[in-house]
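Here the structure comes first, spelled out in structure tokens, and everything after it is commentary.
For reference, positions follow the sequence shown, starting with 1. Indexing begins at 1, ligand by ligand and atom by atom, following the structure's order.
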Amino acid sequence: MLDFKKIISHAKEYGFIFQSSDIYDGLSAVYDYGQNGVLLKNNIKDYWWKSMVQINPDIVGIDSSIFMHPTTWKASGHVDAFNDPLIDNKDSKKRYRADVLIEEYCSKIEKKIKKEIIKAKKRYGEKFNEKEFTATNPRVKSYNDKIKNILKRLAKSLDKNNLMDVKLLIEELQITCPVSGSKNWTDVRQFNLMFGTKIGASSESSMELYLRPETAQGIFLNFLNVQKSSRLKIPFGIAQIGKAFRNEIIARQFIFRMREFEQMEMQFFVKPGSQKKWYEKWKERRLNWHLSLGLNKENYRFHDHEKLAHYADLASDIEFNFPFGFKELEGIHSRTDFDLKSHEKFSGKKIKFFDQKSNENFTPYVIETSIGLDRMFLAIFSHSLNEEKLEDGSSRIVLKLPEILTPVKVAILPLVKKDGLSKLGDKICKDLKWSFNVIYDEKDAIGRRYRRQDAIGTPICVTIDHQTLKDQKVTIRDRDTMAQERVKIKNINEFIRNKLDFRKWLEKFDS
Ligand code: ATP
């Protein structure tokens, strides 16, 4: 993986991601997707949507609006509880999330554990057993105990809204401000993350609204509509992709934490009592979805929650090894019947499922899978970008995206413009454009053209040379191996199609 700064500048240079309102010096934690970024993003959406809605007969999709009745957020608990604990450093005047400061402190201890493991690996060689070492080495054990105790105390204090204790913990751990280096902290306060706005023209009739901070509530509010109109029986799911907005206190790390972002969420409605089984199943399914894209398994890990949100009885994150360490990529939550019951209470409408088999009415329990589309983009993008040394001593930057997600699938490159090669290239392009995103490029030497395609991840380059005019064959160059083979013009379409068959990508992971 390349350095994080290089990843960010590559994303800008090649039209993947731009800072929003760039010419006005940008808007903090808001980003735009460029000509290649939007294609990659749409392909991620498509891959998720197909894996949820197309291949599962028991899951349907919706697209609910961003504006929702304000009572939604009272019922969901967001008005009262969608807060982050913030703390300011009096010297640097910088603002932090108190829980993140403490979690980062724990990450530093984790790094020390890793160092001990590397040292021991060197010492013991092949005989080294990491599991046994971690369980018995006194230093590692004491580090692990320390992390466990800190996180437990943090979870308990946040749960009880004991903000004094959160500050005490920061003081006891002697956490300093990364900017000023001082321990001169304010008290910890709660800060609500929802953006407020107004709907309606006149001051008497206008209504205070929130921009939705999650897409899930649009699904809960449509539970009855979808269930009745689709006649689906429990267990079944509703999926949705859409924008969400959060006034994040600290918004660093590029598109990892944005104020306007996109979520891909699925709520799976199950019979009360069966939620644990479904929760485990969805944890497995979602990890398999990630693995199907072919990034190294070691980049993913589960983090089961100590601190549960007010609506959950079980929760786990799929964490990914981002350029700045393991962080949450997706959340899998057992949300109980909290949301549906609460909307029933606030709306006065009966929100139940009638089970004909057992002849009973019940409020379904919910398993949620929730992934940030932008975080998924960052995960895939950062791990696909490599700098490779070539045999001739030169190097190349190559974006080894999973082929199914690449913005452009094929580039058509006539070796020279003259002798009818351009014309033939144009003809091939016009034929392929109905099936794939194609680029036509006839400028510069062929080597430079290959590099341009490598930089945006195009998996296949088709070169047309003089021989093509004679045998109707082109050279197909593979992005990753750079191997070349001759393929008949009439077989190019099938050749590419084979690489992009959705079934091949996902089938073996579909459990
Ligand atoms: P975090 O702890 O990182 O703030 P969260 O636990 O609040 O995340 P959820 O409410 O579970 O996140 O949201 C589900 C998913 O939405 C997350 O796993 C993440 O991928 C994505 N997400 C949440 N907040 C943001 C954000 N500010 N920018 C980009 N993606 C986000």
Side-chain angles (χ1 to χ4, degrees), residues 17 20 27-31 33 41 44-45 48 73 76-78 81-86 96-104 106-107 151 154-155 158 191-195 211-219 239-267 279 282-283 286-287 289-290 300-312 314-322 324-335 338-339 366-382:
I17 297 166
S20 159
L27 190 62
S28 158
V30 190
Y31 291 89
Y33 286 83
K41 193 179 181 196
I44 298 174
K45 279 191 213 178
W48 183 89
W73 307 108
S76 68
H78 282 80
F82 195 54
N83 303 318
D84 275 343
L86 71 80
Y96 298 92
R97 252 173 75 175
D99 55 335
V100 171
L101 279 181
I102 294 167
E103 279 162 10
E104 277 171 0
C106 292
S107 302
L151 292 181
L154 174 66
L158 289 176
F191 175 76
N192 194 290
L193 301 182
M194 284 198 292
F195 284 102
L211 297 185
R212 66 179 179 197
E214 63 174 25
T215 59
Q217 296 304 324
I219 294 179
Q240 142 151 270
I241 300 175
K243 288 261 174 159
F245 303 83
R246 296 182 187 179
N247 197 2
E248 297 282 358
I249 298 170
I250 37 159
R252 293 184 207 117
Q253 295 165 325
F254 197 34
I255 56 169
F256 179 81
R257 190 173 298 288
M258 301 154 88
R259 298 205 162 100
E260 172 181 341
F261 58 102
E262 225 165 330
Q263 289 185 315
M264 306 191 285
E265 297 200 301
M266 194 278 302
Q267 313 292 325
Y279 168 75
W282 275 108
K283 269 177 80 174
R286 291 305 302 148
L287 182 63
W289 181 82
H290 288 284
Y300 304 88
R301 69 179 189 196
F302 279 114
H303 168 234
D304 296 329
H305 281 210
E306 288 263 351
K307 173 184 178 280
L308 293 171
H310 58 277
Y311 50 74
L314 285 164
S316 186
D317 297 336
I318 295 178
E319 292 187 339
F320 183 79
N321 190 12
F322 285 99
F324 34 83
F326 273 96
K327 289 268 175 320
E328 173 176 345
L329 170 60
E330 168 158 11
I332 294 133
H333 312 124
S334 173
R335 286 185 84 128
F338 173 84
D339 298 272
V366 175
I367 306 301
E368 164 181 81
T369 73
S370 172
I371 176 168
L373 174 54
D374 314 86
R375 275 191 200 178
M376 181 65 194
F377 188 113
L378 182 59
I380 292 282
F381 190 84
S382 57

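Annotation: the span from F377 atom CZ to E262 atom CD amounts to 11.5 Å, rounded to 0.5 Å. Separating the CD1 atom in I249 from the CG atom in D99 is a distance of 8.0 Å, to the nearest 0.5 Å. Taken from CD1 in I255 to CE in M376, the straight-line distance is 11.5 Å, to the nearest 0.5 Å. Between atom CG of residue L101 and atom CG of residue L86 there is a gap of 11.0 Å, rounded to the nearest 0.5 Å.
Summary of contacts: the protein heavy atom closest to atom 4 (O) of ligand 1 is R257 NH1, 2.8 Å. Nearest protein neighbour of atom 19 (C) of ligand 1, counting heavy atoms only, is R375 NH1, 3.4 Å. Closest to atom 13 (O) of ligand 1 among all protein heavy atoms lies Q263 NE2, 3.5 Å. Nearest to atom 28 (N) of ligand 1 among the protein's heavy atoms is M258 N, 2.9 Å.
In the vicinity of S370, heavy-atom distances shorter than 4.0 Å reach the ligand 1 atoms 13 (O), 14 (C), 15 (C), 18 (O). When each atom of ligand 1 is checked for a heavy atom of E330 under 4.0 Å away, the hits are 18 (O). For ligand 1, the atoms lying closer than 4.0 Å to a non-hydrogen atom of F256 are 28 (N), 29 (C), 30 (N). Set against the non-hydrogen atoms of G331, the atoms of ligand 1 under 4.0 Å away are 18 (O). Counting atoms of ligand 1 from 1 in the listed order, those under 4.0 Å from a heavy atom of R97 are 4 (O).
Polar contact with ligand 1: absent for I371 (N/O pair, distance under 3.5 Å).
Only side-chain heavy atoms of E248 come within less than 4.0 Å of ligand 1; its backbone N, CA, C and O stay farther off. Contacts between E262 and ligand 1, counted as non-hydrogen atom pairs separated by less than 4.0 Å, are absent for every part of the residue. Under 4.0 Å from ligand 1, not a single heavy atom of E265 appears.
There is a side-chain donor-acceptor pair under 3.5 Å between Q267 and E368. In this structure, a donor-acceptor pair under 3.5 Å is present between the side chains of E330 and H290.
Heavy-atom distances between H305 and ligand 1 stay at or above 4.0 Å for every pair. Distances shorter than 4.0 angstrom occur between a heavy atom of L329 and an atom of ligand 1. At least one heavy atom of H333 sits less than 4.0 Å from an atom of ligand 1.
Comparing heavy-atom distances from atom 2 (O) of ligand 1 across R246, E328, E214 singles out E328 as nearest. Residue F261 holds the heavy atom nearest to atom 31 (C) of ligand 1 of all those in F320, Y31, F261.
The existence of a salt bridge linking R335 and E265 is excluded, since no basic side-chain nitrogen approaches an acidic carboxylate oxygen closer than 4.0 Å.
A centroid separation of 6.0 Å or more is found between the aromatic rings of F254 and F256.
Between Y311 and F338, the ring planes are tilted. Angles from 30° to 60° get that label.
Counting heavy atoms from C-beta outward, D304 and K283 have side chains that approach closer than 4.5 Å.
With hydrogens and angles ignored, the 3.5 Å screen pairs a side-chain donor or acceptor of N192 with a backbone N or O of M194.
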